[in-house]
Amino acid sequence: MWAWGLVERAAAGLLGPLGGAHGGGRWNTAVAVGVTAAAGLVLVVIVVSSRRGGLKSPWWRRRRKAALKPHEWVSLFTPEGKLKDGGVKLLKKVRSGGIEPSIRAQVWPFLLGVYSLGSSESERDAVKAQNRKGYLLLRNHCLRKSVYINEENKQSNEAAGAKHVECVSSEKGEDTVNPAGSEEVPDKSSVEEHLVGDDTVGPVVSEEVAEKYFVEDHLVSEEENPSANPGEEVQDDTSKTSPEKLTDGNHSSSSSSSSSSEEESESSGLTHVETSHMVVASVQQSLTEDEQESIPRYSNTGGNMENDSELSKAARPVKSVRTIEDFETWQRIIRLDAVRANDEWVSYSPSQAVVSREKAIESAKAVCLKDYEHLEPHRIRHAARLIPILEAYAIYDPEIGYCQGMSDLLAPLLAVLEDDIEAFWCFAGFMRKARHNFRLDEVGIRRQLNMVARIIKYKDFHLYRHLEMLQAEDCFFVYRMVVVMFRRELTFEQTLCLWEVMWADQAANRAGIAKSSLGKLRLGAPPTDDLLLYAIAASVLQKRKLIIESYSSMDEIIRECNSMAGQLDIWKLLDDAHDLVTTLHGRIE
């Protein structure tokens, strides 16, 4: 308050002589009012200057602007279906207020790079057709791997069953010999009874189940009825369609191969095990041929549809039995996570929750889901949608495959996007950045934790020193926030708001909008690919006083971070994050 006292003394010195000379009280009063107003302005300037570079005070905080509305969304397009001004207005609107729920399904593909910001309607139709073909190829490849895994499991278990029968026969002193003089192989029913007690890994119960439910109900129905939503009930004539149509005439289905090989085995005297070996070899050949087709693969260049021929040899997946084993493990974990998925999305998308139990069970059988009997129909249907998309992504990006936590990222997308094909490609666009959270070497996680630590250090060194004292300067206490992107700390709607603002930042960077001076001026705070990390740092800074004064161990900070669920103001958090970007962007990135 020294500034206020200085102004008062100056005013008193000024008013004294003037008052004596003129003897007028009115003049003194007018001058006093003017000087008081000037003093107030000086005080405001001093306060603002003292807070420069800090997080803005509550009365300076801008309110959330209105979300992007349907009529505004329509007005952003030209008659040719292109976004005006390269999408700058769209991104600015999303960054400041988010998107109204009713149009999220239309806007998200632009934010996630499925469609270019500069694309026309006809170009988007071509991309949609290409993406559809790519997804069906991925799912067909998943099926072939499943059949291969099933045949491998049957072979190993049949061998175990044969050995068991041989041991029992030798103990009894009996030599069971078939008419040809070779050892008798247990019949199929006895092997299946032997398998019942085994904890076999892999989702496919049998080839017949996989082909009947998966191929016919999903792939064939999608080929013949493009407008049908995946998972919907197919017509009777569709269910009788041969799976051969899926392979464009290049490969025969594994079921027809299996049946034909069984018929040949009867006439040639081949045993069931020998026939099974032939089926495995046939499926393995199909997998090899599939690799030579245009199966879409992840590419760090940013495109969704990259052919194998366009990738370097180092970028191509390793064709080995190990890859098959990995896929088998991924299938098992995917199904476990799908069954455990919660249903907090129901309040956001109640229409998807309206499903009969018969329909839900049909969907579960189509993807060979197990242990779902205790779930409500809408949760069964949701789990059945998660599985094929996550399996397809494991083929699309074999370096990452599937890790626990990825289903948490996909679930909100499925609540918004009812078309599974579009949901897959939006998820692939989302994972372009998020995939680094699931690397086995955790290089991506360590980089992000280090960046959060640097933001805190540059912004609040006193807090950072306290974290050092607690040996928590590595910011491991925000590990969960980084991996699942605030999914557990925010409500469902808050999660969608944060993610779409984050995607808008990334879209601006992909399109190069931030590089132009006009783009920078219109977007405000510079867009960054790491807005999530600034938001995480802002959430910690909001708790600085509590952390410094009350916590004496990292475990206490972890508990505090885990208890943030439902307590954060998402738009205040985003405002603080953008303030941090404006202040520290040049020093951190």
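Keep in mind that this is a model prediction, so the values were computed, not measured.
- Checking each of Ile558, Ile536, Ile557, Val483 against Val478 for a side-chain contact (heavy atoms from CB on, under 4.5 Å) leaves exactly one that passes, namely Ile536.
- Checking side-chain atoms of Ser349 against main-chain N and O of Val346 turns up no donor-acceptor pair under 3.5 Å.
- Tyr348 is listed as a side-chain neighbour of Leu496, based on a closest heavy-atom distance under 4.5 Å.
- Legend: ring-ring contact (aromatic ring centres under 6.0 Å, His included) pairs involving residues 354-373, not counting sequence neighbours: none detected.
- Judged purely by atom type and a 3.5 angstrom limit, Arg335 has no side-chain atom pairing as donor or acceptor with the backbone of Asp371.
- The side-chain heavy atoms of Phe477 and Glu556, taken from C-beta on, include no pair separated by under 4.5 Å.
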Working note: Arg139 + Glu391, criterion salt bridge (charged side-chain N to carboxylate O under 4.0 Å, His left out); need CA distance, chi angles, decisive distance, verdict.
CA-CA 8 Å; Arg139 291 302 303 142; Glu391 283 185 348; 3.1 Å; yes
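- Of all heavy-atom pairs between Tyr396 and Pro296, the closest is CD1-O, 3.5 Å.
- Side-chain N or O atoms of Gln494 include one that pairs as donor or acceptor with a backbone N or O of Thr491 at under 3.5 Å.
- Here the side chain of Gln567 pairs no donor or acceptor atom with the backbone of Met564 at under 3.5 angstrom.
- When atom types are taken as modelled, the side chain of Arg439 and the backbone of Ile445 share no donor-acceptor pair closer than 3.5 angstrom.
- Here Glu373 does not pair with Arg357 in a salt bridge; the nearest charged N to carboxylate O distance is not below 4.0 Å.
- Counting non-hydrogen atoms of other residues, nucleotides and ligands closer than 6.0 Å to CZ of Phe476 gives a total of 12 or fewer.
- In this structure a side-chain-to-backbone donor-acceptor pair under 3.5 Å is present from Asn437 to Val482.
- Using modelled atom types, no side-chain atom of Arg104 and backbone atom of Glu100 make a donor-acceptor pair closer than 3.5 Å.
- Salt-bridge check for Lys433 with Asp530: passed, with a basic side-chain N closer than 4.0 Å to an acidic carboxylate O.
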Working for side chain to side chain contact (heavy atoms under 4.5 Å, CB included), residues Arg297 and Ile395
CA-CA 8 Å; Arg297 300 290 188 185; Ile395 300 297; 3.5 Å; yes
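- Taking the six-membered ring wherever Trp is involved, the centroid distance between the rings of Trp330 and Tyr393 does not fall below 6.0 Å.
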Can you list the steps and then say if Lys365 with Ile361 is a side chain to side chain contact (heavy atoms under 4.5 Å, CB included)?
CA-CA 6 Å; Lys365 289 180 177 179; Ile361 292 175; 3.9 Å; yes
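- Ring centers of Tyr115 and Trp108: at least 6.0 Å apart, outside the cut-off.
- The aromatic ring centres of Trp503 and Phe430 sit less than 6.0 Å apart.
- Across every non-hydrogen atom of Gln352 and Ala415, the tightest pair is NE2-O, 3.1 Å.
- A salt bridge does not link Lys145 to Glu328: none of the charged nitrogens lies less than 4.0 Å from a carboxylate oxygen.
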Starting from the C-alpha separation in whole Å, work towards a yes-or-no answer on side chain to side chain contact (heavy atoms under 4.5 Å, CB included) for Leu111 and Trp499.
CA-CA 10 Å; Leu111 301 183; Trp499 285 3; over 6 Å; no
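- At a threshold of 4.0 Å, the pair Glu344-Arg487 counts as salt-bridged, since one of the basic side-chain nitrogens sits closer than that to a carboxylate oxygen.
- A donor-acceptor distance shorter than 3.5 angstrom exists from the side chain of Arg446 to the backbone of Asp441, with no hydrogens or angles considered.
- Using cut-offs of 30° and 60° on the angle between ring planes, the pair Trp73 and Phe110 is perpendicular.
- Between the OG atom in Ser363 and the CD1 atom in Ile387 there is a gap of 10.5 Å [rounded to 0.5 Å].
- Minimum interatomic distance between Arg510 and Gly113 (heavy atoms only, all atoms of both residues): NH2-N, 3.2 Å.
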Evaluate Thr495 against Leu498 for side chain to side chain contact (heavy atoms under 4.5 Å, CB included), listing each step before the verdict.
CA-CA 5 Å; Thr495 299; Leu498 172 65; 6.0 Å; no
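- Taking the six-membered ring where tryptophan is involved, the planes of Phe424 and Tyr135 are tilted, since the angle between them lies from 30° to 60°.
- Nearest approach of Ala341 to Leu386, heavy atoms of both residues: CB-CD1, 3.9 Å.
- Among all heavy-atom pairs drawn from Asp343 and Arg379, the shortest one is CB-CG, 3.9 Å.
- Without hydrogens or angle criteria, Asp397 side chain to Tyr298 main chain gives no donor-acceptor distance under 3.5 Å.
- When all heavy atoms of Gln542 and Leu568 are compared, the pair lying nearest together is OE1-CD2, 4.1 Å.
- When atom types are taken as modelled, the side chain of Glu500 and the backbone of Ile99 share a donor-acceptor pair closer than 3.5 angstrom.
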With side-chain hydrogen bond (donor to acceptor under 3.5 Å, both in side chains) as the test, would you mind laying out the steps for Tyr551 and Glu560 before giving the verdict?
CA-CA 9 Å; Tyr551 295 152; Glu560 175 62 32; 2.7 Å; yes
Per-pair distances, 0.1 Å, donor-acceptor, side chain in residues 403-414, under 3.5 Å, sequence neighbours excluded:
unit_1 : atom_1 : unit_2 : atom_2 : d
Gln404 : NE2    : Asp337 : OD1    : 3.2
Ser407 : OG     : Tyr402 : OH     : 3.4
Asp408 : OD2    : Arg488 : NH2    : 2.6

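- Atom CG of Leu375 sits about 12.0 Å away from atom CZ of Arg340, to the nearest 0.5 Å.
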